[in-house]
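This is a predicted model, so every value here is computed, not measured. Below, chain A is the first sequence line, B the second, and so on; all start at residue 1.
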Protein chains: 2
Amino acid sequence: MSIVERRLREKEAMRTNILTTAWQIVKDEGWQSLSIRKIADAIQYSVPVIYDYFENKDAILLEFGKQGFEQLIAKLAAAKDSTPDPAEQLKAIADAYWIFAFKNKEFYQLMWGMGAPTCEMDKCMPERSIFRDLVMAPMIEVINKANGEDAETNACLKYHTFWSILHGLVSIKMVAPADDTEQLNKLVLDDAITGFIKNLKI
Amino acid sequence: MSIVERRLREKEAMRTNILTTAWQIVKDEGWQSLSIRKIADAIQYSVPVIYDYFENKDAILLEFGKQGFEQLIAKLAAAKDSTPDPAEQLKAIADAYWIFAFKNKEFYQLMWGMGAPTCEMDKCMPERSIFRDLVMAPMIEVINKANGEDAETNACLKYHTFWSILHGLVSIKMVAPADDTEQLNKLVLDDAITGFIKNLKI
DNA sequence: TACTTTTGCTAACGCTGTTAGGGAAGGTAA
DNA sequence: TTACCTTCCCTAACAGCGTTAGCAAAAGTA
């Protein structure tokens, strides 16, 4: 049955060909100008061929979204594992998030609906609990170390604040990037997060 | 010359007719499905007529953007004026921002590029200094009251944090609205902002 | 009444996502 | 080798989008 194997291999190759070609277009020209026809043109096939491998354009975007979330979560998890101290873990996660966002602008914009593409990213978002587990545990620990009581309710509030500081800072820098130096922006993140962590301990 | 007056009046009437019709479409179906043809259809004129009143579709979006920013700034300024205490001013501004965002989802999404529309909102954003002045002054006061020194550099950092908390919380709730009650979300904002203000005073 | 401006239309161009239908090629069985 | 069937991949179209050229009718002016 080596002939069906070859076929499967070719199908898989075409799929990744479509994806890498699409990715190249996005990196060169942005999400806005990614079109089925452009992909077809670049891979030197006619348009309907794309639809043999993806149900529609959204399916392609969702595929990228999935990849983006996977990579982000991997980075965050690695950052968390880089230190045993819970406060340092939170700082490390924040830094990793920041770095990911600007090293992978295209991913970030797609994942949070900031670029052009109109597509319900919910469909490729990982379980909310994954993000929760990453941040919630060290946060509870920090709070508990400070006042020795059960801190879950408080941590639930702080959890949202943590992500909003991160996402908010990134968003603002992405929308209006020009006015400050790279240096200053990193300072803002550091200040905000260390301020946040300090506040947890009170 | 009452005849040219009537003409000016009619031109103005048509312009607002286009805008209110477009706004209705947006409220009913979202930014995604606002199209020149749909507007033309609704006002019962042919498509090119729209272009006698607006240079292109972006010009219509920019008009809405301008309106949105004006309304937002008015709300924030009113909130600031509602109390003389600088710490309370910050809290009031944050609350007003929050309320505006969810009472005017369409505006907010357009202004910060969260909906579909692809259009450079920079072109209708007010001077950055307007936002700065609203928040920076009370912030410096709060910091100064606490430690009596010059606080401008510090306030510059905190300024970004303030907006990122706000924008971040709003964004996250808009992307993933369903999982918590209205009540809890307001709690998160309160906690984050009071935590932030408390941190200023240290 | 004759001329000019304004108004608003039809029809098109080039782009988008998506799909129907057919021809050619590849693989299978007699 | 011939007959058949599946798979592949194309052309051509549909319906929608923003935008514009060009023309006919209406409105205003002399």
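Atom pair B:Ile50:CD1 and D:dC17:P shows a separation of 13 Å (rounding to whole Å applied). Rounded to an integer number of Å, the gap from CG of B:Asn56 to C1' of D:dC17 is 14 Å. Regarding A:Gln32, its CD atom lies at a distance of 14 Å from the C1' atom of D:dG18, rounded to whole Å. Remark: C1' of D:dC8 and CD of A:Glu10 are 11 Å apart, rounded to the nearest angstrom. Rounded to a whole Å, the CG atom of A:Asp41 is 16 Å from the C1' atom of C:dG17. Rounded to whole Å, the distance from CG on B:Leu61 to P on D:dC17 is 14 Å. One interatomic measurement links the two molecules: CG of A:Asp52 to P of C:dT19, which rounds to 12 Å at whole-angstrom precision. Taking atom OH of B:Tyr51 as the reference point, atom P of C:dT7 lies 19 Å away to the nearest angstrom.
Counting only residues at least two apart or in different chains, ring pair (Phe, Tyr, Trp, His ring centres under 6.0 Å) contacts with residues 51-88 of chain A comprise A:Trp23-A:Phe64, A:Trp31-A:Phe64, A:Phe69-A:Trp112.
Residue-level contact check: A:Ile60 touches neither bases nor backbone, having no heavy atom under 4.0 Å from any strand.
For the pair A:Phe196 and B:Phe196, the minimum side-chain heavy-atom distance is 4.5 Å or more. Side-chain atoms of B:Asp190 and B:Lys186, non-hydrogen and from C-beta on, do get closer than 4.5 Å to each other.
Contact check on A:Arg132 versus A:Glu127 returns no salt bridge, with no Lys/Arg side-chain nitrogen under 4.0 Å from an Asp/Glu carboxylate oxygen. Between A:Arg37 and A:Asp41 there is no salt bridge, since none of the side-chain N atoms of the basic residue sits less than 4.0 Å from a carboxylate O of the acidic one. A salt bridge links A:Glu63 with A:Arg15; the closest basic N to acidic carboxylate O contact falls under 4.0 Å. Taking a cutoff of 4.0 Å between a charged side-chain nitrogen and a carboxylate oxygen, B:Glu10 and B:Arg6 qualify as a salt bridge.
Of the residues near DNA chain C, A:Leu34 and B:Tyr53, the one whose nearest nucleotide (by heavy atom distance) lies more toward the 5' end is B:Tyr53.
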Identify all pairs in which a protein N or O lies below 3.5 Å from an N or O of nucleotides 11-16 of chain D, and state each distance.
residue : atom : partner : partner atom : Å
D:dA13  : N6   : A:Arg37 : NH2          : 3.3

Give me, pair by pair, the N or O atoms of the protein and of nucleotides 27-29 of chain D that are less than 3.5 Å apart, along with how far apart they are.
residue : atom : partner : partner atom : Å
D:dG28  : OP1  : B:Arg6  : NH2          : 2.0

Please test A:Gln24 against A:Asp28 for side-chain hydrogen bond (donor to acceptor under 3.5 Å, both in side chains), starting from the C-alpha separation and ending with a verdict. CA-CA 6 Å; A:Gln24 193 56 49; A:Asp28 291 347; 3.2 Å; yes

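Taking the ring centroids of A:Tyr97 and A:Phe102, they lie at or beyond the 6.0 Å cut-off.
Which of C:dG8, D:dC8, D:dC17 sits closest to the side chain of A:Lys11 comes down to D:dC8.
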